[in-house]
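A short write-up of the structure that comes next.
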Amino acid sequence: PIDPHSGGTWIGANSAGLVLAVLNASQPPTAATSGLCRSRGVIVPGLLECERTEEVADRVGSGTFAGMPPCRLLVVDSCTIRDFRWDGQRLDRHRWNVDRPFMATSSSLGDDLVETPRGQLFDSMLARGATFQAQDAFHRHSWDDRRDISVMMSRPDARTLSRTVVEVSADSVRMIYQDL
């Protein structure tokens, strides 16, 4: 997928098996974050030359996100998940080992509104195993009575428009973009 504002992208993978994705981060606007307009689409292309999450961690700082609205940068390799959270002023860093399924989500309604129900759904759907079928079912899920906070979200002002799947194996990396 191409970011129309910068020509960049919000998701990418390279031949080393490094996967990077930018998520919006919804927070109430403040005087400090209003007017931030630099496109977040420039982040991923600028880091795709890295081979490991540690390399990304060494390169990413507050300057990476300067002038950008709040967002999260997720970086995954075969061993590690790194989550960089930018609130418009400050950068927080988190690190996990890749030892179980991991979910990150966002919503313009408020990240805090969707994280718990989507997280509980993720845990229940992948409890029997993190198969491709279980992951696909999770991404297609929509609650009849809460389409606004569903994974396959739909509401009057917005809806899920696409899905990108990245498959990394020992000898290949494949990205599949699906226009919904």
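Computed over heavy atoms, backbone and side chain alike; hydrogens, waters and symmetry mates excluded.
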Practice task
Please answer: with hydrophobic residues joined when any side-chain heavy atoms are less than 4.5 Å apart, are L126 and I81 in the same cluster?
Solution key: no
Exercise for the section: Please report the closest heavy-atom contact between M68 and W86, naming both atoms and the distance. Expected result: O-NE1, 3.0 Å
Handout entry: Joint hydrophobic cluster, V19 plus M175, side-chain heavy atoms closer than 4.5 Å
Key = yes
Exercise for the section: Determine, stepwise, if the pair F84 / D92 fulfils side chain to side chain contact (heavy atoms under 4.5 Å, CB included). Expected result: CA-CA 6 Å; F84 301 89; D92 288 327; over 6 Å; no
Practice task
Would you indicate whether the side-chain heavy atoms of V151 and L121 approach each other to under 4.5 Å?
Solution key: yes
Handout entry: Intermediate values then yes/no, side chain to side chain contact (heavy atoms under 4.5 Å, CB included), L18 and C50
Key = CA-CA 8 Å; L18 187 72; C50 297; 3.9 Å; yes
Handout entry: Test: R93 and D83 ion pair at under 4.0 Å
Key = no
Practice task
Drop me the distance from S162's OG to R159's CZ, to the nearest 0.5 angstrom.
Solution key: 10.0 Å
Problem - Minimal non-hydrogen separation, G110 against S26, with atom names - result: CA-CB, 3.9 Å
Completion exercise
Here the gap from T160 atom OG1 to Q178 atom CD, rounded to the nearest 0.5 Å, amounts to 11.5 Å
Handout entry: W10 and I43, any side-chain heavy atoms less than 4.5 Å apart
Key = no
Completion exercise
One should read off an interatomic distance between D136 CG and Q133 CD, to the nearest 0.5 angstrom, of 7.0 Å
Practice task
Among T80, V75, D77, find the residue that satisfies the side chain to side chain contact (heavy atoms under 4.5 Å, CB included) test when tested with V56.
Solution key: V75
Problem - Heavy-atom donor-acceptor pair, T64 side chain to G61 backbone, under 3.5 Å - result: yes
Fill in the blank from the handout: Separation between CG (D87) and CZ (R85), nearest 0.5 Å, reads 11.5 Å
Practice task
Using atom types as modelled and distance alone, determine if a side-chain donor or acceptor of R40 lies under 3.5 Å from a backbone N or O of L73.
Solution key: no
Problem - Check against side chain to side chain contact (heavy atoms under 4.5 Å, CB included), Q135 and M103 - result: CA-CA 10 Å; Q135 292 176 53; M103 185 208 70; over 6 Å; no
Problem - Full working for side-chain hydrogen bond (donor to acceptor under 3.5 Å, both in side chains) between R72 and T105 - result: CA-CA 10 Å; R72 290 173 71 181; T105 191; over 6 Å; no
Practice task
Check the pair R147 / S154 against side-chain hydrogen bond (donor to acceptor under 3.5 Å, both in side chains), numbers first and verdict last.
Solution key: CA-CA 5 Å; R147 293 190 189 282; S154 176; over 6 Å; no
Fill in the blank from the handout: Rounded to the nearest 0.5 angstrom, the OG1-CG distance for T116 and D111 is 11.5 Å
Exercise for the section: Decide whether S150 and R155 meet the rule of one side-chain donor and one side-chain acceptor closer than 3.5 Å. Expected result: no
Practice task
Look up atom OG in S108 and atom CG in N24, then write down how far apart they are to the nearest 0.5 Å.
Solution key: 8.0 Å
Completion exercise
Only one of L48, V42, L47 passes side chain to side chain contact (heavy atoms under 4.5 Å, CB included) with V44, and that residue is L48
Practice task
Indicate if L109 and M152 have the same hydrophobic cluster label, given that clusters are the connected sets of ILVMFWY residues with side-chain heavy-atom separations under 4.5 angstrom.
Solution key: no
Problem - Any donor-acceptor pair under 3.5 Å from N14 side chain to G17 backbone - result: yes
Handout entry: Aromatic plane relationship, W96 with F102 - under 30° parallel, 30 to 60° tilted, over 60° perpendicular
Key = tilted
Problem - F138/R140 under side chain to side chain contact (heavy atoms under 4.5 Å, CB included): CA gap, chis, key distance, verdict - result: CA-CA 5 Å; F138 171 76; R140 286 191 310 271; over 6 Å; no
Practice task
Look at R82 together with E55 and state whether they make a salt bridge at an N to O cut-off of under 4.0 Å.
Solution key: no
Exercise for the section: Measure the shortest side-chain to side-chain distance between V173 and E167 over non-hydrogen atoms and say whether it is less than 4.5 angstrom. Expected result: no
Handout entry: Side-chain touch L23/L74, heavy atoms, less than 4.5 angstrom
Key = yes
Problem - Enclosure of E51 CD (heavy-atom neighbours >12, cutoff 6.0 Å) - result: no
Exercise for the section: May I ask you to decide whether R52 forms a salt bridge with D58, counting only side-chain N to carboxylate O separations under 4.0 Å? Expected result: no
Fill in the blank from the handout: Here the pair of heavy atoms bringing V166 nearest to A13 is CG1-CB, 3.9 Å
